[in-house]
Amino acid sequence: MDGYHQHQYLEGEVRIPSGCAISGIIDRSGKRFSGSDAITSISVMHDRSNGLGGGFAGYGIYPEYEDFTALHIFYYGSEAKRKTEEFLEEHFDLINLSKIPTEKHRAITDEPLIWRYFVMPLPTKLASSQLDEDEYTARCVIRINKEIDGSYVFSSGKNMGVFKAVGYPEDVGAFYRLDDYKGYSWTVHGRYPTNTPGWWGGAHPFSLLSYSVVHNGEISSYDANRRFIEMYGYACTLKTDTEVITYMIDYLHRRQGLTLEEVSSVIAAPFWSTIECKDEEERNALTYLRNTFASMLITGPFSIILGYNGGLMALNDRLKLRSMVAAEKGDKIFIASEEAAIRIIEPNPDRLWYPIGGKPVIAELYTTGQGGAHGHQLPVSGL
Amino acid sequence: MAINYLYPDFEVQRNESRCITCRVCERQCANLVHHYDAETGRMTSDESLCVNCHRCVSLCPTRALKIVKTDHVFKENANWRGEVIQDIYRQAETGGVLLASMGTPKPYPVYWDKMLINASQVTNPSIDPLREPMETTTFLGKKSTTIRRDEQGKLITDTTPQLKLAIPIMFSAMSYGSISYNAHKSLALAAEQLGTFYNTGEGGLHEDFYRHGKNTIVQVASGRFGVHPGYLNAGAAIEIKMGQGAKPGIGGHLPGSKIGQDISKTRMIPLHSDAISPAPHHDIYSIEDLRQLVYALKEATNYTKPVIVKVAAVHNISAIASGIARSGADIIAIDGFRGGTGAAPARIRDNVGIPIELALASVDERLRAEGIRNQVSLVVGGSIRSSADVIKAIALGADAIYIATSALIALGCHLCRTCHSGKCNWGIATQNPELVKRLNPEIGSEHLVNLLTAWNHEIKEMMGGMGINSIEALKGNRLMLRGIGLCDAELRILGISHAGA
Amino acid sequence: MKRVYVNEAWCLGCHLCEYYCAYANSGLTDMVKALKDKVIRPRLTIEQEGTISFAVSCRHCTEPLCMKSCIAGAISCKDGLIVIDQSKCVNCYSCIMACPYGALMPSEEQVMQKCELCATNSHGQPVCVQGCPNKAIVYEER
Amino acid sequence: MKHIVVKSRDYQEVNQEIRSTKDKNIVLSEVFGQRYLGSSLKDRELTIEGTAGNALGCFLDGGIITVHGNAQDATGDTMNDGKIVIHGSCGDGTGLAMRGGAIYIRDSSGYRSGIHMKAYEDKQPLLIIGERAGSFLGEYQAGGTIIVLGRNQAGKSPVGYFCGTGMHGGTIYLRCDTLPVSLPPQVAVRDADEADMQVLGGLLEEYCSLFAFDKTELLASHFFVLQPNSATPYKMLYTHV
Amino acid sequence: MHYLIIGNSIAAAAVIEGIRSQDPEGAITVVGEERQACYARPLISYLLQGKTDEEKMRYRDQAFFDKHKVTVLCETRASHLDAGTKTVALDDGTTLTYDKLVLATGSSPFIPPMEGLGQVKHRFTFLTLDDALALQQVVKGDSRVLILGAGLIGLKCAEGLFGQVRSITVVDLAPRILASILDEKGSAQVQEHLQQKGLTFHLSDRVKEFTANEALLESGTIVGFDMLVVAVGVKPNTSLAKEAGLAVNRGIVVDTSMRTSGKDIWAAGDCAEAEELVSGQHKVLPLLCNAYLQGETAGKDMAGLTEPFNQAIAMNAISFFGLHVITAGLYEGEEKLFAEEGSYKRLFVRDNHLIGYILIGKAVERAGIYTALIRNQTALDTIDFDLISRQPALMAFAKSVRQQQLGGSV
């Protein structure tokens with residue numbers, strides 16, 4: 001462990017509530033564009049961050065390795081790197097490994113070693129584990145993060161990558177040279193943690209496999225959620241809201257096979273009084289989901305953008321205690337904490353609306369999803 | 001008469017300048033403490049009969065009465081305290097087992113009072129329960145482990161039977177026999193009005209109360225009193241009572257003198273014969289036998305009722321709970337050692353079992369460690385005294401709470417702890433019709449409804465303060481608790497940090 | 001009209017209603033001063049026999065025989081409330097002869113008195129109802 | 001007339017410039033979410049082109065702010081007097097704790113509009129929303145008037161859930177044929193009568209002329225009037241220790 | 001619609017209330033012989049006693065007549081009734097027409113012929129307020145009063161004068177006082193009470209001859225007096241009815257709706273003769289309570305609501321110097337007697353029903369419960385008669401009846 005961290009609480013040793021800014025852009029035609037729009041967008045909301053964390057997730061950025069898991073790893077010291085690579089070699093075929101290219105930036109300091117690996121599970125290991133590839137990879141990632149001191153996998157999806165650091169998000173974008181990457185969707189986060197340690201791993205997006213979450217708000221249900229999700233093999237090492245949200249989404253969407261709408265009606269379940277108003281079939285379904293996964297209800301203010309292969313989902317808490325705006329222009333869908341963060345990159349959207357609390361906005365590639373941005377909306381007309 | 005070593009514990013103090021000799025004290029004391037002396041035109045009292053139930057004090061219209069602790073003492077002795085000496089006198093004189101009622105009065109630590117609750121400041125808004133939705137609805141029962149869909153891909157939503165509580169508090173088991181008809185009726189009416197449940201205890205279900213079935217939990221205990229298929233199907237859930245916090249490992253008996261016409265009929269036993277509840281169920285000598293009974297009850301009710309297994313909090317409670325969770329039970333009820341009772345051997349009540357706070361914390365943690373917490377709901381009882389206790393219990397991991405002593409106090413009980421005498425002046429723990437009449441269920445149920453409505457408001461306020469607007473987000477949310485004045489071992493078991501950390 | 005109704009199932013025979021009544025109609029603000037060492041003359045009666053007891057007080061009949069029998073025109077009906085003008089009463093007992101409930105009785109001053117639902121004393125609400133520990137007497141619209 | 005091009009300039013700088021200028025009329029163009037524009041402004045008119053940032057016109061004290069575009073969250077936060085005119089929509093928390101003046105929104109407003117609005121003597125705040133408002137409209141309202149005109153809503157209720165929750169003063173007028181769902185128990189609803197229509201006629205005068213809406217046509221529709229049952233909804237809640 | 005009421009006492013007031021409960025508008029005229037507005041005659045003895053005054057004696061005040069829009073003609077006598085033309089001639093020469101008429105003419109004192117009566121200077125009857133006022137005029141501290149008649153009127157007069165005069169002597173033909181309402185033992189008890197107070201009785205005796213200040217009794221006793229009150233009885237005022245050809249026995253005969261035999265003519269009060277409940281016979285019951293109930297029944301019937309009143313029974317509540325006496329019904333059949341110090345109770349039972357009672361002293365408490373047993377003709381085997389005969393109590397009724405009485409409608 002380096003000196004910086006020896007004198008401070010590590011992320012995960014204390015729970016850090018935080019407020020933030022988020023933004024997300026997707027081109028549903030699959031056209032890839034650089035990270036600079038995301039940087040511009042988040043920079044408008046500078047006041048919502050405090051320089052203690054910023055980060056990006058880009059989807060479609062590694063087309064040449066799309067069948068391989070891209071692991072982005074922070075190392076604090078070469079011993080951590082050695083142990084981790086040993087572990088990786090034991091469990092995966094390593095196709096490519098390199099340092100992630102960065103550019104020195106005066107606002108970004110104390111950087112760890114930042115490495116990238118494109119990997120595929122060793123077929124024999126995978127077979128003997130009796131797990132599917134995702135579960136196998138997820139467990140390996142959790143093990144590294146939990147068991148190898150000084151090593152932290154912060155991105156583990158396919159054809160996607162997370163880039164994050166301590167600093168303002170626009171500086172983080174420059175540091176990682178995101179102009180050089182092209183993706184069909186981007187999410188970005190500026191962080192305003194209310195407790196001191198800003199640790200690189202603690203910045204958003206938080207990611208597991210191809211799921212990445214940027215989050216604005218602070219949830220009051222944290223420990224109820226954490227203690228529940230940890231029953232299912234997850235280890236919440238970072239003690240952040242975003243981490244637990246990501247795991248819950250992974251559990252509900254990937255492992256339980258719920259649709260994203262169903263996931264939303266678990267984690268941002270409608271009030272019972274609202275459920276009562278629904279027709280019988282919907283009422284039964286909503287009651288079933290809320291009751292079955294009662295401990296995954298998230299309370300307190302939050303707005304998140306979930307990135308996944310092929311789409312973005314934005315979701316507000318059911319009281320809509322955090323702001324969120326969405327807009328559409330041609331093939332592109334924009335989501336941000338503030339309208340200005342959209343206008344700065346797209347001054348004249350075709351339409352613009354305020355998503356309703358507890359109801360997801362889902363935007364997917366035409367090829368993988370329905371292609372529309374759907375969900376309940378509070379439209380803003382006159383545009 | 002032989003020498004009487006015992007001096008009365010209490011003195012009746014009558015303020016003569018206030019007494020208007022209305023004689024209500026005389027008329028209302030079933031222990032015959034007060035008398036009117038026609039010669040002097042004054043009231044007199046025999047305090048040796050007084051149990052300090054406050055009936056006379058409460059009804060005296062001029063507040064001319066109070067009961068004080070006698071200042072008659074033994075020579076001071078920190079070890080051989082007066083009560084210890086008196087107990088020995090009692091046993092020496094009678095050769096009897098000391099019998100006592102209600103929860104233990106001994107000064108064991110109350111962990112509820114050593115935990116503090118969190119509130120939001122700045123980073124997260126607190127919520128006002130009066131205007132924003134604030135939900136305390138709770139479902140009890142086994143949850144699905146995997147999502148199933150039909151051919152159209154629609155969710156299959158038929159869960160195993162659940163209990164829906166509008167408020168996460170239920171009235172725990174008290175049998176008709178241990179408490180009166182009117183006390184039962186009060187509980188039934190209140191449960192119905194509150195959208196929660198009351199529990200028959202092991203005394204069967206009076207025919208008048210079948211109409212409250214949808215708010216009734218019917219209990220099956222070792223005595224199997226009044227248990228028949230109609231009874232099992234009458235309630236919303238069935239509770240198997242393995243043990244009770246006040247007297248773990250001990251059976252009980254309702255003396256034949258209390259088995260009047262109505263109770264005899266309800267319990268389905270002959271008039272004036274003792275109603276004996278054995279210590280164990282004689283068909284359950286092991287955990288797999290429990291499973292057999294659980295499924296026997298499910299078969300008898302065609303899998304329409306959740307089955308609760310109630311156990312006393314004992315040393316290896318978490319292992320026991322794990323076993324119960326795997327027995328097919330839908331709900332585990334754990335009763336802490338401070339729980340009340342109509343009658344228990346005093347030494348057992350005061351020395352056997354563990355506090356519910358620690359039992360709950362360790363059971364919840366154990367079930368989570370085993371990944372089976374969602375397969376079973378957890379209900380805890382045993383001296384839950386306020387909404388703050390409720391909040392703390394839920395934050396430690398309980399789904400819902402059982403209350404009994406608090407409910408009895410709401411009905412007028414003054415905790416004089418002489419339930420076993422059958423002369424409850426408040427009409428609660430008695431079968432004497434003259435005394436039973438003193439509890440008008442209309443008033444009783446109103447008080448219970450008021451109490452839980454007030455608690456629910458407080459729960460909502462505290463939840464709102466934490467920024468939580470649905471009770472499920474509080475469940476097991478131990479970050480919302482901090483310990484105060486607790487040692488490391490206690491903090492570790494409770495799974496909470498010390499205040500300030 | 002709201003009246004006092006009795007449910008004997010809940011009457012405990014504690015007689016508190018009688019004392020509260022006597023106090024309420026004493027005109028004094030201190031119960032002790034009003035009742036101590038006095039023979040009370042409540043405006044309601046507890047009937048008691050074995051385990052049964054209940055309070056009886058004026059029913060405020062819609063066809064009040066007491067009023068119709070009063071030779072002095074001292075009893076009248078004000079918005080359903082049957083009241084006695086004690087200054088007119090000559091203590092002839094015609095009302096006692098007429099009332100089927102036995103709800104009238106002479107006062108200490110030897111004029112008739114009866115329950116006037118505490119509407120005519122300083123309490124305003126029937127004090128027997130407030131003082132009943134078991135809702136055996138209620139004051140309501142039926 | 002002073003013209004400031006804002007673009008990506010820092011809000012502190014822009015507000016400083018507004019404060020230091022002597023012109024009565026100030027135009028801000030190319031605004032991208034700068035916060036606190038027109039904060040505590042008095043005696044001046046501010047015209048904004050673009051997207052006004054959070055807390056637009058907070059503590060406004062008599063000035064007039066006109067936005068050609070949308071405003072973000074907390075527009076008119078605790079405003080005391082003056083006027084905010086939005087030729088577009090607003091985000092959440094519009095008119096938060098507003099206690100005087102008027103906010104006129106041509107289109108829609110987000111969650112918690114008019115939250116904790118209050119009135120005192122001659123301070124009678126007014127919030128008019130042309131189309132629809134999100135959930136919790138008039139939450140905790142203690143005074144003043146909120147009007148939602150429900151334009152383009154086809155007679156459906158133009159507000160979300162929990163409208164008027166915690167309301168203990170003031171009035172909400174809703175122009176629609178269907179009541180919102182989940183109205184809280186504190187709120188009493190009635191149909192607008194002749195006297196209400198008179199009041200509405202007065203209140204809508206300026207609004208309609210600003211946006212060139214046909215007042216007569218608006219007033220020809222059905223309005224609901226929402227008022228609190230009690231000024232002290234908490235009274236019965238407590239007992240003393 | 002014009003309602004005409006002849007008489008201005010209790011029955012008249014009740015007629016007005018009866019009419020107005022049904023008909024708020026029809027014109028009502030009351031014709032009364034007396035100077036004073038409506039008052040209750042039984043109060044005159046209390047006036048003498050000083051327990052009431054003229055103002056308080058008013059049974060219904062002026063506001064009552066104003067509120068009910070009633071025209072009252074005082075000091076006016078109806079001299080002739082023509083049922084055919086529906087007119088009533090008044091002694092001032094005017095004639096009133098009516099649509100509906102009620103005769104509430106009351107009764108008058110009966111004065112038997114007695115020798116030398118004309119020589120008596122201070123000679124009174126005791127029925128009206130004017131009688132009482134006239135008496136009051138001449139009362140002096142040293143007056144010796146002779147009262148003929150030991151019935152209710154005579155004795156109430158005696159009580160009224162007691163303490164204001166030197167002596168009171170009562171003479172009655174009957175062997176005991178209050179013979180019409182009390183049994184022997186009861187009479188004796190009351191008599192003893194009155195004698196203790198200082199009244200002198202000459203019973204089974206009568207005045208043979210009066211001189212100015214002395215009465216010679218048949219027994220030979222000579223009673224000196226300064227004032228004479230004749231209170232031997234009353235007779236119903238039926239002359240108008242007789243003239244008009246209505247059926248009249250002792251009183252004007254009426255049915256249970258108080259209709260007389262004449263079209264659109266009702267009668268109520270002391271002048272009327274209606275069926276008595278217990279005996280089933282037509283009787284004049286000169287009791288205030290009956291006057292009211294009959295008047296109310298007549299008034300309602302006149303205005304269109306027929307509610308028969310068939311519960312008339314003879315009953316009396318009377319007190320002398322704090323000793324209360326309440327009696328009702330007939331004194332026949334089996335009896336139950338309870339007598340103790342200061343309390344006397346006799347109940348009369350026939351065919352499973354209570355038909356009469358005599359209560360004296362403490363026994364009068366809650367007497368109405370007994371009255372109701374007679375009135376409602378309660379079958380005694382449906383109640384705990386043992387209990388109720390000891391003490392009038394609702395406890396004696398079945399629980400369901402009690403619930404109805406105390407928890408149900410009234």
Side-chain angles (χ1 to χ4, degrees), chain B residues 14-30 34 36 38 40-43 53-65 180-183 185-186 189 208 411-412 414 424-428 430 432-447, chain C residues 4-26 28-55 108 118 123 126-140 142:
Chain B
R14 192 183 318 272
N15 183 336
E16 286 298 345
S17 70
R18 299 190 62 83
C19 176
I20 56 169
T21 55
C22 69
R23 301 171 68 176
V24 69
C25 48
E26 180 187 24
R27 294 191 184 100
Q28 291 286 298
C29 182
H34 305 274
Y36 177 70
T40 59
R42 291 280 174 258
M43 302 302 301
C53 76
H54 289 193
R55 180 75 184 177
C56 57
V57 172
S58 301
L59 287 177
C60 176
T62 57
R63 287 188 308 285
L65 282 172
S180 67
Y181 177 94
N182 286 339
K185 187 168 179 183
S186 302
L189 292 173
D208 292 355
L411 292 177
H414 277 56
C424 175
N425 267 322
W426 295 93
I428 300 168
T430 177
N432 174 344
E434 277 311 281
L435 299 174
V436 170
K437 192 181 184 181
R438 295 181 181 184
L439 177 58
N440 181 342
E442 196 190 317
I443 302 176
S445 59
E446 185 185 323
H447 283 190
Chain C
V4 165
Y5 296 100
V6 172
N7 190 344
E8 69 181 51
W10 307 120
C11 178
L12 309 176
C14 73
H15 291 253
L16 278 176
C17 50
E18 295 181 342
Y19 284 83
Y20 282 111
C21 176
Y23 162 52
N25 290 300
S26 69
L28 297 174
T29 52
D30 181 74
M31 191 174 197
V32 176
K33 207 169 157 189
L35 305 182
K36 188 161 176 62
D37 298 329
K38 301 229 170 79
V39 176
I40 62 161
R41 286 176 179 268
R43 297 175 178 205
L44 80 176
T45 313
I46 291 292
E47 287 194 22
Q48 199 160 11
E49 188 77 18
T51 60
I52 302 170
S53 59
F54 52 87
E108 208 173 339
C118 289
H123 292 260
V127 169
C128 55
V129 173
Q130 290 167 31
C132 178
N134 210 30
K135 274 200 182 171
I137 322 177
V138 294
Y139 180 55
E140 60 194 32
R142 274 191 189 171

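Per chain, numbering begins at 1; letters A, B, ... match sequence-line order.
Proximity of a side-chain donor or acceptor of B:N440 to a complementary backbone N or O of C:A136 within less than 3.5 Å is not detected. A distance-only check finds a donor-acceptor pair linking the side chain of C:K36 to the backbone of B:E16 [under 3.5 Å].
To the nearest 0.5 angstrom, B:R438 atom CZ is 6.5 Å from C:L12 atom CG. Atom CE of residue C:M31 and atom CZ of residue B:R63 lie 10.5 Å apart, to the nearest 0.5 angstrom. C:N134 contributes atom CG, which lies 4.5 Å from atom CD1 of B:I443 (distance to the nearest 0.5 angstrom).
Proximity to chain B is limited to the backbone of C:A9, based on heavy atoms less than 4.5 angstrom apart. Heavy atoms of C:Q48 lying under 4.5 Å from chain B are absent altogether. For C:L35, the parts lying under 4.5 angstrom from a heavy atom of chain B are both the backbone and the side chain. Contacts of C:D37 with chain B are made by side-chain atoms alone, with heavy-atom separations under 4.5 Å and no backbone atom involved. Neither the backbone nor the side chain of C:Y23 comes within contact range of chain B, judged by heavy atoms closer than 4.5 Å. Proximity to chain C is limited to the backbone of B:L439, based on heavy atoms less than 4.5 angstrom apart.
Within residues 17-24 of chain B, the residues having any heavy atom closer than 4.5 Å to a heavy atom of chain C are B:S17, B:R18, B:C19, B:I20, B:T21, B:C22, B:V24, listed by residue number.
Taking 4.5 Å as the limit, some side-chain heavy atom of C:K135 sits within range of a side-chain heavy atom of B:E446.
For C:K33, the NZ atom sits in a loose shell: 12 or fewer heavy atoms of surrounding residues, nucleotides or ligands are nearer than 6.0 Å.
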